[in-house]
Student: 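Right, I'll just put the structure down here and ask away after.
Order of the sequence lines fixes the chain letters, A, B, ..., with proteins taken first and strands second; residue numbering starts at 1 for each chain.
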2 protein chains.
Amino acid sequence: MLRLSTKGQYGVRAMYEIAKGYPETPVTIKEISEKQDVSVAYLEQILNKLRKAGLIKSIKGPGGGYLLEKKPEEVSIAAILNELEGPVALTSCLDPEEGCVRVDSCVTHLLWKALGEKVEAFLKTITLKNLVSGDLDKMKRK
Amino acid sequence: MLRLSTKGQYGVRAMYEIAKGYPETPVTIKEISEKQDVSVAYLEQILNKLRKAGLIKSIKGPGGGYLLEKKPEEVSIAAILNELEGPVALTSCLDPEEGCVRVDSCVTHLLWKALGEKVEAFLKTITLKNLVSGDLDKMKRK
DNA sequence: ATAATACTTGACAAAGTTAGTAGGGTTTTA
DNA sequence: TAAAACCCTACTAACTTTGTCAAGTATTAT
């Protein structure tokens with residue numbers, strides 16, 4: 001249950017590669033494609049979304065590529081996934097765009113809401129810096 | 001992102017109805033169907049799985065219905081969802097049945113694993129008793 | 001200038017999953 | 001013995017995911 005889409009997974013891995021080039025070395029789509037084994041065409045879609053969201057910027061022409069728009073420690077996994085998969089909404093009634101019909105009659109409403117918030121909170125504490133520096137103790141402690 | 005299937009949602013709500021009949025009042029599929037607004041045929045599939053998993057038992061014939069097999073405080077949400085949706089496996093490489101090809105080369109492996117474990121741990125702390133008694137503080141504290 | 005590099009965009013399709021319906025059982029008990 | 005209630009399998013329509021493809025536009029090294 002609760003499978004993450006490949007778009008989200010690839011997106012995080014792509015951001016990891018771009019973060020390795022921080023602060024000044026542009027990383028090309030081709031490099032990301034080879035290192036993370038994802039097709040160039042698919043990555044284009046993913047990076048496009050992340051660029052529009054202001055997480056990365058791109059430099060065109062020879063020698064160009066992608067760069068982080070912020071510091072690695074300021075880019076959380078939550079931010080990346082939010083752009084690629086939308087907000088955590090375990091049920092459709094928690095989706096901001098849909099809304100709940102049963103609302104308070106629904107005993108489980110609070111449960112799913114609480115779980116979603118926990119997930120989001122956790123993902124906010126993990127940043128690209130943690131990933132790049134291999135600082136993974138955080139995940140065990142929290 | 002991270003949408004729960006309706007099977008999982010309905011399953012929890014059905015178990016909630018059955019839990020209300022604990023310890024001795026059988027709850028029929030029809031009652032659950034009406035109270036939770038889910039078709040009888042769909043509920044049959046769901047309850048069948050839960051019965052085979054030993055979470056509930058059924059009594060046939062007139063006056064029959066479903067009963068909890070254990071005490072409400074011994075049935076966690078995690079147990080219900082595990083039967084209906086399989087284990088929490090945010091990525092296919094964490095799925096027990098598939099396995100990971102990249103394993104240690106995958107920087108994000110640990111991340112998804114940690115998140116999955118957090119989700120599972122949380123869902124294990126919430127039981128049907130919490131749901132029935134409206135004891136939801138737990139969700140805020142933890 | 002211009003060719004090479006690299007990003008940008010939108011349409012589309014194959015594959016898989018989900019969410020349910022349908023229709024036929026069997027078992028139990030009043 | 002009939003009604004109530006559970007049991008089981010198959011199927012399918014809709015949706016989502018996971019990509020591919022083709023045709024751009026922008027930039028810069030030479």
Side-chain angles (χ1 to χ4, degrees), chain A residues 1-11 13-14 17-18 21 25-34 36-53 55-67 69 81 84-86 89-93 95 97-98, chain B residues 1-11 13-14 17-18 21 25-34 36-53 55-67 69 81 84-86 89-93 95 97-98:
Chain A
M1 65 168 170
L2 289 185
R3 189 67 49 106
L4 217 58
S5 76
T6 58
K7 228 161 191 158
Q9 295 174 50
Y10 296 167
R13 274 154 58 189
E17 293 296 335
I18 296 171
T25 313
V27 181
T28 68
I29 283 194
K30 201 172 168 225
E31 286 171 327
I32 301 172
S33 168
E34 284 164 1
Q36 292 295 335
D37 198 29
V38 178
S39 84
V40 167
Y42 202 23
L43 278 173
E44 280 172 346
Q45 277 182 45
I46 293 167
L47 295 183
N48 204 338
K49 280 196 174 184
L50 295 175
R51 187 181 50 79
K52 282 180 180 163
L55 294 179
I56 52 177
K57 60 187 166 189
S58 63
I59 297 174
K60 293 183 175 181
Y66 287 92
L67 285 174
E69 188 78 275
L81 294 183
L84 297 173
E85 313 201 358
L90 290 140
T91 61
S92 61
C93 78
D95 191 317
E97 291 191 20
E98 307 202 28
Chain B
M1 67 168 169
L2 289 185
R3 189 67 48 106
L4 218 58
S5 75
T6 58
K7 229 161 191 158
Q9 296 174 49
Y10 295 168
R13 276 154 57 189
E17 291 298 334
I18 296 171
T25 314
V27 180
T28 69
I29 282 192
K30 201 169 167 230
E31 285 171 327
I32 301 172
S33 167
E34 284 163 1
Q36 292 295 334
D37 198 27
V38 178
S39 83
V40 167
Y42 202 23
L43 278 172
E44 280 174 345
Q45 281 180 44
I46 292 167
L47 295 182
N48 205 335
K49 280 195 174 184
L50 295 175
R51 186 182 48 80
K52 282 180 180 162
L55 294 178
I56 51 178
K57 61 187 165 190
S58 62
I59 297 174
K60 292 184 177 181
Y66 287 93
L67 285 174
E69 187 76 275
L81 293 182
L84 296 174
E85 312 202 359
L90 289 140
T91 61
S92 60
C93 79
D95 190 318
E97 290 192 19
E98 308 201 27

Student: Step by step, would you call A/Ser5 with A/Tyr10 a side chain to side chain donor-acceptor pair (under 3.5 Å)?
Tutor: CA-CA 9 Å; A/Ser5 76; A/Tyr10 296 167; over 6 Å; no
Student: So which nucleotide from D/dC21, C/dA22, C/dA19 ends up closest to the side chain of B/Ala41?
Tutor: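 Comparing D/dC21, C/dA22, C/dA19 against the side chain of B/Ala41, the answer is C/dA22.
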Student: So, the side chain of A/Glu17 versus the backbone of A/Val27: is there a donor-acceptor pair under 3.5 Å, distance only?
Tutor: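 Flag not set: sc A/Glu17 to bb A/Val27 has no pair under 3.5 Å.
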Student: Can you identify which nucleotide, out of C/dT9, D/dC6, D/dT27, has its nearest atom closest to the A/Lys60 side chain?
Tutor: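 Between C/dT9, D/dC6, D/dT27, the one nearest the side chain of A/Lys60 would be D/dT27.
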Student: According to a strict under-4.0 Å criterion, is A/Tyr10 in side-chain N/O contact with OP1 or OP2 of D/dT18?
Tutor: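 Answer no for this pair, as no side-chain N or O of A/Tyr10 is under 4.0 Å from OP1 or OP2.
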Student: Would the distance check show the side chain of B/Arg13 and the main-chain N or O of B/Gln36 forming a donor-acceptor pair, the cut-off being under 3.5 Å?
Tutor: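 Present.
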Student: A/Asn48 has a side chain; which of D/dT28, C/dT21, C/dT9 sits nearest to it?
Tutor: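 Among the listed nucleotides, the one closest to the side chain of A/Asn48 is C/dT9.
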Student: Give the nucleotide from the list D/dA3, C/dA6, D/dA26 with an atom nearest to the side chain of A/Thr28.
Tutor: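 The nucleotide sitting nearest to the side chain is C/dA6.
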Student: Over all strands shown, is B/Lys49 touching base, sugar-phosphate only, or nothing at heavy-atom distances under 4.0 angstrom?
Tutor: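 Answer is nothing: B/Lys49 stays at 4.0 Å or more from every strand.
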Student: Just how far, in rounded Å, is P of D/dC21 from CG of A/Leu43?
Tutor: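 It works out to 15 Å between those atoms.
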Student: So which one's nearest nucleotide on DNA chain C is more toward 5', A/Lys52 or A/Gly64?
Tutor: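 The answer here is A/Gly64.
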Student: Which nucleotide in the set D/dG19, C/dT21, D/dC7 lies at the smallest distance from any side-chain heavy atom of B/Gln45?
Tutor: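 From the listed options, C/dT21 comes nearest.
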Student: If you assign A/Gln9 and A/Ile59 each to the DNA chain D nucleotide with the nearest heavy atom, which residue ends up on the more 5' nucleotide?
Tutor: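 Counting from the 5' end, the first nearest nucleotide belongs to A/Gln9.
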Student: Check the phosphate of C/dT9 against A/Arg51, side-chain N and O only, distance under 4.0 Å to OP1 or OP2. Yes or no?
Tutor: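 For C/dT9, OP1/OP2 do have a side-chain N/O of A/Arg51 under 4.0 Å.
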Student: Among D/dT18, D/dT28, C/dT8, which nucleotide has an atom closest to any side-chain atom of A/Lys7?
Tutor: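 Comparing D/dT18, D/dT28, C/dT8 against the side chain of A/Lys7, the answer is D/dT18.
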Student: Between A/Leu84 (CG) and D/dT17 (P), how many Å, whole number?
Tutor: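 Rounded to whole Å, this separation is 12 Å.
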Student: Hey, which sits more toward the 5' end of DNA chain D by its nearest nucleotide, B/Glu44 or A/Thr6?
Tutor: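 This one resolves to B/Glu44.
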Student: Measure CD1/B/Ile46 against P/D/dC7 and give the value in whole Å, please.
Tutor: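 These atoms are roughly 14 Å apart.
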Student: Figure out the OH/C1' separation between A/Tyr42 and D/dT16, and round it to whole Å.
Tutor: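 Answer to the nearest Å: 11 Å.
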Student: Could you tell me the separation between the CZ atom of B/Arg3 and the C1' atom of C/dG16, rounded to a whole number of Å?
Tutor: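 After rounding, the reported distance stands at 18 Å.
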Student: May I have the step-by-step check of side chain to side chain contact (heavy atoms under 4.5 Å, CB included) for B/Leu2 and A/Leu4, ending in yes or no?
Tutor: CA-CA 6 Å; B/Leu2 289 185; A/Leu4 217 58; 3.7 Å; yes
Student: Send over the distance from A/Leu2 CG to C/dT18 P, rounded to a whole Å.
Tutor: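 From A/Leu2 CG to C/dT18 P: 11 Å.
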Student: Which one, C/dA22, D/dC21, C/dC7, comes nearest to the side chain of A/Ser58?
Tutor: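 My answer, after comparing the listed nucleotides, is C/dC7.
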Student: Heavy atoms only, 4.0 Å cut-off, all strands: where does A/Leu47 land among base, sugar-phosphate and nothing?
Tutor: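 No contact.
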Student: Between A/Glu31 (CD) and C/dT5 (C1'), how many Å, whole number?
Tutor: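 It works out to 13 Å between those atoms.
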Student: Please determine whether a side-chain nitrogen or oxygen atom of B/Tyr66 lies at a distance below 4.0 Å from atom OP1 or OP2 of D/dC7.
Tutor: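 True: B/Tyr66 side-chain N/O within range (under 4.0 Å) of D/dC7 OP1/OP2.
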Student: Looking at side-chain heavy atoms only, is the closest gap between B/Ile56 and B/Leu67 below 4.5 Å?
Tutor: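 No. Closest side-chain heavy atoms not under 4.5 Å.
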Student: Any sub-3.5 Å donor-acceptor pair from A/Glu31's side-chain atoms to A/Thr28's backbone N or O?
Tutor: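 Pair found, side chain donor or acceptor close to backbone of A/Thr28.
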Student: Find the distance A/Lys57:NZ to C/dC7:P and express it as a whole number of Å.
Tutor: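 So the NZ-P distance, A/Lys57 to C/dC7, works out to 15 Å.
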